[in-house]
Number of protein chains: 2
Amino acid sequence: MPETVSTLGADDALESTTLASRTFDSIKADIIGGELEQGTKIVESDLALKYGISRGPLREAIHRLEQIKLIVRVPHAGSRVVTLDSKMMQDIYIARESLEGMAARLAARLMPEDEIRALSELLDQHEATIGKTDGKAYFQREGDIDFHYRIAAASRNQWILEHLNGELYQLIRMCRRQSGQFPARAQTALDQHRQIAAAIARRDQELAEILMRRHISGAWEIVKKILEDRHD
Amino acid sequence: MPETVSTLGADDALESTTLASRTFDSIKADIIGGELEQGTKIVESDLALKYGISRGPLREAIHRLEQIKLIVRVPHAGSRVVTLDSKMMQDIYIARESLEGMAARLAARLMPEDEIRALSELLDQHEATIGKTDGKAYFQREGDIDFHYRIAAASRNQWILEHLNGELYQLIRMCRRQSGQFPARAQTALDQHRQIAAAIARRDQELAEILMRRHISGAWEIVKKILEDRHD
DNA sequence: ATAGCTTTAATTGTTGACAATTTATGCCTG
DNA sequence: CAGGCATAAATTGTCAACAATTAAAGCTAT
């Protein structure tokens with residue numbers, strides 16, 4: 001089992017510096033993991049008790065979760081776990097298409113050769129994983145995010161990186177959990193990843209951006225279809 | 001003096017529902033306006049006293065300002081007003097180019113006819129303003145943001161709209177204040193706005209996106225040059 | 001005189017109590 | 001019996017005191 005989750009940098013830091021920060025991570029994990037179901041009412045006193053802290057830091061955690069759009073909050077009324085409807089998912093995928101397309105363009109210009117090599121090796125690992133596990137969904141997905149994360153990081157654009165990694169990828173994880181498994185797409189995705197990596201290696205900015213955008217909008221079309229089929 | 005600031009939706013709500021929210025708006029205005037200079041150390045007790053509230057809501061305001069990147073905060077050490085260096089500005093303009101390009105594409109697809117007409121009338125007002133005031137900088141700038149805001153809104157993409165309006169436009173305002181005036185560009189910008197509006201009216205998604213991206217990357221080139229000339 | 005350690009002050013993180021607002025309950029009236 | 005007003009409960013917003021951590025000042029030793 002290859003250790004491809006190393007560069008993720010999201011679920012680390014459980015031993016963080018502050019109570020609010022740790023609680024933020026915990027709740028985030030609970031929401032993404034599904035322990036806290038979508039639409040659940042968040043009651044500050046209850047959660048404070050549950051996580052064994054006082055309401056102060058908990059409020060801070062909630063506010064940060066609101067910024068990430070994992071929680072919606074109406075003043076004086078309370079907050080609930082976000083419920084992802086089709087429209088919101090579409091908005092997220094479109095924003096991601098735009099930002100990651102630009103990231104791929106920048107990566108083609110700026111990614112150093114050794115990182116490009118490492119990216120290629122990562123895709124080799126993915127191919128091996130697909131062969132072995134017949135597309136065991138979980139690792140595929142984390143591997144997919146790992147690929148996208150590396151390109152975002154290679155853009156050397158702090159704003160884009162933070163918003164992809166801190167916000168959009170979390171929501172994408174939730175979208176995927178909601179729309180269930182689609183292991184058939186594993187090989188297709190890998191092929192597209194290879195093409196994108198090749199464009200970056202060739203320093204073809206234009207193509208890298210186009211391929212990335214096509215890759216993501218394609219992913220959205222799949223998710224969209226699944227959601228439509230379900231609601232009939 | 002035409003009232004073109006109506007659709008802005010940013011500096012409104014001084015009579016908001018909660019203390020933290022009002023304070024957030026006040027501090028934000030003070031930072032953008034320059035009363036709180038870049039790099040200023042933020043001391044919670046001092047600010048709480050200055051704004052006449054307790055540290056609780058003030059902390060919430062600070063955290064929100066941190067999310068918007070108007071304040072940088074290191075745990076246990078304190079927070080300062082952000083200092084915009086050239087790299088950060090570039091990151092912001094690039095992110096904006098990506099997102100607004102996509103917004104323009106979506107607007108070309110989705111903007112209703114009456115909004116397109118209103119957009120055109122807005123540009124007429126801008127032209128009149130340029131003629132009358134010989135490019136009085138302030139109104140030009142707010143007018144410019146007004147134009148861009150309408151397109152972002154027309155994208156009907158909540159994520160993009162919130163992040164442009166809530167985060168990037170504020171930072172752009174700071175960038176502009178820092179790089180000083182350049183009234184010569186007023187007519188150029190207006191021409192480009194006209195072309196973008198025309199592409200949207202023609203429902204030409206591809207062209208609308210390309211023109212918007214060119215418009216913004218051009219704006220960055222100007223700002224960049226000013227910053228370089230200054231530091232020599 | 002300076003480098004490094006110790007002690008002190010300033011600032012942030014956390015807590016529990018209090019005030020304001022909203023939502024739910026129940027009573028009264030038409 | 002239904003609708004609306006008044007009251008009560010629950011929940012969020014705000015405050016001021018306390019604990020923990022970091023930055024600064026002062027001191028000693030080389």
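In what follows, chains carry the letters A, B, and so on, assigned in the order in which the sequence lines appear, proteins first and then strands, with residues in each chain numbered from 1. It should be emphasised that the depicted structure is a prediction, and the values quoted were computed from it without experimental measurement.
Counting to the nearest Å, the P atom of dA16(D) and the CD atom of Glu44(B) are 15 Å from each other. In this structure, Glu60(A) atom CD and dT14(D) atom C1' are separated by 16 Å, rounded to whole Å.
Of all the heavy atoms in His215(B) and Arg185(B), the pair that sits closest is O-NH2, 3.7 Å. In this structure, Ser98(B) and Ser98(A) approach most closely via the heavy-atom pair OG-OG, 2.7 Å. Between Ile200(B) and Ala208(B), the shortest heavy-atom distance links the atoms CG1-CB, 4.1 Å.
Between His163(B) and Trp159(A), the angle of the ring planes goes over 60°, which puts this pair in the perpendicular group of the 30/60° scheme. By the 30° and 60° cut-offs, the orientation of the rings of Trp220(A) relative to Tyr93(A) is tilted.
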Enumerate the protein-to-nucleotides 6-10 of chain D contacts in which both atoms are nitrogen or oxygen and the separation is below 3.5 Å.
none

Between the protein and nucleotides 18-22 of chain D, list every N/O to N/O distance that falls short of 3.5 Å.
none

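Contacts between chain B and DNA chain C, taken as any atom within less than 4.0 angstrom of a protein heavy atom, begin and end at dT12(C) to dT14(C).
Remark: Arg156(A) engages Glu115(A) in a salt bridge, criterion side-chain N to carboxylate O under 4.0 Å. Salt bridge status for Glu209(A) with Arg213(A): present, with a side-chain N to carboxylate O gap under 4.0 Å.
With hydrogens and angles left out, the side-chain atoms of His193(A) and Asp144(A) include a donor and acceptor closer than 3.5 Å.
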